[in-house]
Amino acid sequence: MSEPVNAVAANLRRLRAERGVSTVALARDSGVARATLAQLEAGRGNPTLETLYALANTLGVGLGDLIARAFEEVEVVRADEGARVAGAAVRARLVARLSGRGGLEIYDLALRAGRRQRSEPHPPGVVEHLLVHAGRIRVGPEPAPVELGPGDYARYAATVPHVYEALEPGARATLVMETPS
């Protein structure tokens, strides 16, 4: 088993146990097939970004809580490392999870031109921060996303359906997901 798959398996089992939720209940409430959930908990499978978000939202945790490996004394994440997830338009790499007053997850995003990624609402209080490094991107709440270019920053509540869309090839950004304490 690969490290990201092992992390998802261990984290799913731990989070389910902490909440006293059965696989049947988690599958039902998240809309993820029970067989898919069983494969993930066994360290098999290749879940989509949508599947991981459905599980995270149902468990009331951030995506990073599902995909990150345990923290070490000194953590270095090389450019070819980090848990990776992909959706229709976005490829993301978890760079770090920070805790304190709330939680922060930092993602390195690569967006595919000509495709739109729709994300379901996250739990109450989740805010996303996006800083564009290359290309032009349309991002934010689904009814009124904003267009950003290199160096532009946007902050928006992620508790409503929201979108990510590259308007040209080579779009790159850093996404920081802020979760309440």
Problem set entry | Side-chain donor-acceptor contact under 3.5 Å, Tyr153 with His129 |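 Present: a donor and an acceptor within the cut-off.
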
Problem set entry | All side chain to side chain contact (heavy atoms under 4.5 Å, CB included) counterparts of Arg14, not counting sequence neighbours | Asn11, Glu18

Exercise. Below 4.0 angstrom, N of the basic side chain to O of the carboxylate: do Asp108 and Arg172 qualify?
Worked result: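 Between Arg172 and Asp108 there is a salt bridge, with a charged N closer than 4.0 Å to a carboxylate O.
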
Problem set entry | Salt bridge flag under 4.0 Å for residues Arg136 and Glu147 |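 Judged by the 4.0 Å cut-off on N to carboxylate O distance, Arg136 and Glu147 do form a salt bridge.
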
Exercise. Do any N or O atoms from the side chain of Arg115 and from the backbone of Ala88 form a donor-acceptor pair under 3.5 angstrom?
Worked result: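 Yes; judged by distance alone, with no hydrogens or angles, the pair exists.
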
Exercise. Rounded to the nearest 0.5 Å, what separation is found between the CG atom of Leu26 and the OG1 atom of Thr58?
Worked result: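 So the CG of Leu26 and the OG1 of Thr58 are separated by 6.0 Å.
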
Exercise. Taking the side chain as C-beta and beyond, is there a heavy-atom pair between Leu12 and Leu59 under 4.5 Å?
Worked result: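 Touching, per the 4.5 Å side-chain cut-off.
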
For this session: Decide yes or no for Leu63 and Glu105: does some side-chain heavy atom of the first lie under 4.5 Å from some side-chain heavy atom of the second?
Result: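 Touching, per the 4.5 Å side-chain cut-off.
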
Problem set entry | Partners passing salt bridge (charged side-chain N to carboxylate O under 4.0 Å, His left out) against Arg13 (at least two apart in sequence or in another chain) |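 For Arg13 there are no salt bridge (charged side-chain N to carboxylate O under 4.0 Å, His left out) partners, ignoring immediate neighbours.
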
Problem set entry | Listed partners of Glu120 passing salt bridge (charged side-chain N to carboxylate O under 4.0 Å, His left out), at least two apart | Arg118

Exercise. Mind checking whether Tyr164 and Leu167 sit in one hydrophobic cluster, side chains of I, L, V, M, F, W, Y counted as touching below 4.5 Å?
Worked result: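 No, because Tyr164 and Leu167 fall into different hydrophobic clusters, even though each may have its own neighbours under 4.5 Å.
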
Problem set entry | Test side-chain hydrogen bond (donor to acceptor under 3.5 Å, both in side chains) applied to Gln117 and Glu50, Arg112, Glu165, the passing residue |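 The single option meeting the side-chain hydrogen bond (donor to acceptor under 3.5 Å, both in side chains) with Gln117 is Glu50.
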
Exercise. How would you list, by chain and number, every residue that makes a ring pair (Phe, Tyr, Trp, His ring centres under 6.0 Å) with Tyr107, sequence neighbours excluded?
Worked result: none

For this session: Please collect all ring-ring contact (aromatic ring centres under 6.0 Å, His included) contacts where either partner lies in residues 7-47, sequence neighbours excluded, each pair once.
Result: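 Residue pairs with at least one partner in residues 7-47: there are none.
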
Exercise. Please, which pairs that meet ring-ring contact (aromatic ring centres under 6.0 Å, His included) have at least one residue in residues 43-67, sequence neighbours excluded?
Worked result: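 Matches after skipping sequence neighbours: Tyr53-His122.
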
